[in-house]
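To find a chain, count down the sequence lines: A is the first, B the second, and so on, and within it residues start at 1. In this text, all values refer to a predicted model and were calculated from it rather than measured experimentally.
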Amino acid sequence: MTIDAGSAAKPSAVRVAACGCVTALGNETETLAGLNAGRVALRLRPVLGRDGGDPVPLATIGETIDETLPPRWLEPVRALLRRAPGNGWGGERRPVVVASSNFGVGSLYAFRREPGEEAHLRHGPPWAAVELLQRELGWGENVTTFSHACVTAHLALLHATRLLAAGRADAALVVAFDFTSPFVAGGFHSLKILNGARPAPYAARDVGAIGLGDGAAFAVLRAGEADRGTEAGAGAGGSAEADTGFRLAAQALYNEMFHFTANAPDGSGFEACAREIAAAAAGRRVWVKGHGTGTLEAGRLEAEAVARTFPGSPLVSWKGSLGHTLGSCGLVELVLAVAAMRSGTIPGTVAATAPTLAPNVALGPLRASDFDAAVLLSNAFGGAHGGVLLTRAAPKESGGVEVATESRVSSGEASVAPAAFERSLRYARAELVPDTEGAAEARERWRDLFPRGATRRMTQLGMLLGAAAQGVTWTRRTAVVYASSFAETRALEDFLASFPAASPLLFQTSIHPGGVQQVLIGRQQPVARLWPLAGRARLTEQALLAALLEPAEETVLLAGEERGTWLREKNLASERSWALALAFAAREDVAEVGRVRFEPDAYPVTGDVALDLGAPEPVALAESVAARRDLRWRGSGGTWTVVWR
Amino acid sequence: MTDPLHDRLKILMVETLKLEDVRPEDIPDDEPLFGSPRFGLDSIDALELVLRLEKEFGVKIGSSEESRKALASVRTLAAFIRASTPAAGTSPA
């Protein structure tokens, strides 16, 4: 039997079968009407909620940013997702992909303020928030969670697209949500960009400012065209006929790894992502929805890069009204773009006035009929970039559906079984440290591995990841998958302790995927894509799948945890500190140290590796690497095997 | 004769930013502090130092643009602190 080397084909256009969102202005219809009327949802409120502090612009769903029991994000997200058509989400062929930057982190702040109220802790970590949604909405186990600051929604969309293209799903539900809290607002306030001024994206001003907003969105994605007879816009029922009339014709990601909070000053990071989308948009009349938070330098770099890459295309941002909805913004704003193009009017850059940072900025509304497609861009801490080309489906013609994209996918319900995957590992290393070793000991042990002076700000997790990856050959064509359930535990604990005078360094360090960014920014090493997974259940399998779906020249899988203190005592942090690095080779003609194999249920399982009981946690994979012990377990739809040479 | 406020600021920098191989007297009064390869300090270090200065001297820096101007050098920082808190002189709040 021959097993494919990996069907990580470049995904083709995917159908947006249904979508919806909620912001401080209401659902997508209400939000669009508000934006077109020039309404600003942002209000000046105390940065720390009922703990007071400077007034800063916040746009909330509800009256408070203080976390409640149950969490204040639960009901709006639940109400929104009840609108998502279809059922059986989280089943084997209907994956859910969740995107958020902050999840329930506001609950950890609330616990710190009210130490007797332990119920808050049930919602704090990313996996806890997702598991709450699973229970509330009846999702199955097939839920993948991403967390990469303000580009997270783009990762979720592209991962869902890849699952469809690889035949591992009939439909995918992408969910993104981010609700602000004193934790988040305090952090951005410490960076001095959430200040008393109101945001005016792309406006040429003396002082830059952002606002923060609550947001949530969903999209149901399907491969192929809707069955004949469907009218564009019908979104009910979750069936193969559902269709908004829009396609994700191209998607791109890029990671500068220049600095945590600044971009390469030549704008090359913005351009690298935008150019991939521009290539797919050739010949189309496009408008551009930029990231445009209201900061000055990033706003200027983005506007200028957009002007170079999409000459003549107008650029808008809606964050001057809605605030920055963080990890959800890529999907919230995609839904609004769909609504705008269907309505006929695209809102301009609300709350900004002339002069602007570049001449392509559109302050007033645009006529949707002047354009064929929309380019939607986001960017994030660490110089992460995401882009989508949103196109209209071509009108149906007799005899079949014409797909106005660069490639065609098979029509109708996809019923292709998941492909088998097998990839060589060219490098594998694990670092498993004793419980007594903390950041100071790690700094002493690994000081010479990093650029001079770098370790003074690195966390133990960051240093462990760097140590595990010390033999990896990095290039800008490398893709990185990073899995961590608890991530920067000590920075999180220390950041919470720093309130009310929140530490900007600890805020920055506590944000996932800080550990990997410490390593790569320290090396000034851009990478093609970075996929930081959060979550807990089946995390090992999800990380391996993300790596095997990657078409990059070389894919590196990193994973790790950091032993916490009080969070560990509450079972909200890892018991031990460890890290691992695996480098997958795209070609078979490399000196391999091992292989990773996925065999679908339809295939007979090969080899004589004993089947372990249960899905292993990522630390078990690290132990397998350290001991060179083969692993095999039954996952979703098939069997995973890791064998060592 | 050195300015005591300059000396104090240099000590705060070394302490706050954990500059292990740097002595306070190694930090010049007039060279750029951040973005210079000499000390490897960046905007996050600047903000962390701002936090310390706000606590130490009672000054308030409102935006990232304001912090960039104030922290251009030890001399500009000292001038900013004196202008913001005339009674500070050379003593912390």
Under 4.5 Å heavy-atom distance to chain A, tell me which part of B/Val22 shows up: side chain, backbone, both or neither.
-> neither
With A/Arg456, the salt bridge (charged side-chain N to carboxylate O under 4.0 Å, His left out) member among B/Asp42, B/Asp21, B/Asp45 = B/Asp45
Please name the pair of heavy atoms, one in A/Asn195 and one in B/Gly62, separated by the smallest distance, quoted to 0.1 Å.
-> CB-O, 3.3 Å
Note, B/Ile44 side chain near A/His259 side chain (heavy atom, < 4.5 Å) | yes
Side chain to side chain contact (heavy atoms under 4.5 Å, CB included) between B/Ser64 and A/Leu191, intermediate numbers included = CA-CA 7 Å; B/Ser64 57; A/Leu191 296 178; over 6 Å; no
Identify which part of A/Leu194 has an atom lying under 4.5 Å from any heavy atom of chain B, answering side chain, backbone, both or neither.
-> neither
Okay, A/Arg205 and chain B: the region with an atom under 4.5 Å from a heavy atom over there is neither
Okay, B/Ser67 and chain A: the region with an atom under 4.5 Å from a heavy atom over there is neither
Can you find a pair of side-chain heavy atoms, one from A/Asp206 and one from B/Glu65, that are under 4.5 Å apart?
-> no
Looking only at heavy atoms, the pair that brings B/Leu51 and A/Ser503 closest together is CD2-CA, 3.7 Å
Counting only heavy atoms closer than 4.5 Å, note whether B/Glu20 contacts chain A via side chain, backbone, both or neither.
-> side chain
B/Lys69, part contacting chain A, at a heavy-atom distance under 4.5 Å = neither
Mind checking the OG-CD spacing from B/Ser43 to A/Gln508? Nearest 0.5 Å is all I need.
-> 8.5 Å
Could you tell me which portion of B/Glu66 (side chain, backbone, both or neither) has an atom closer than 4.5 angstrom to a non-hydrogen atom of chain A?
-> neither
Under a 4.5 Å heavy-atom cut-off, does chain B meet the side chain of A/Ala502, its backbone, both or neither?
-> backbone
Honestly, the part of A/Leu505 sitting under 4.5 Å from a heavy atom of chain B is both
Is any side-chain heavy atom of A/Ser190 less than 4.5 Å from a side-chain heavy atom of B/Leu47?
-> no
Under 4.5 Å from a heavy atom of chain B, the part of A/Ala501 involved = both
Which portion of B/Leu41 sits near chain A, non-hydrogen atoms under 4.5 angstrom | both
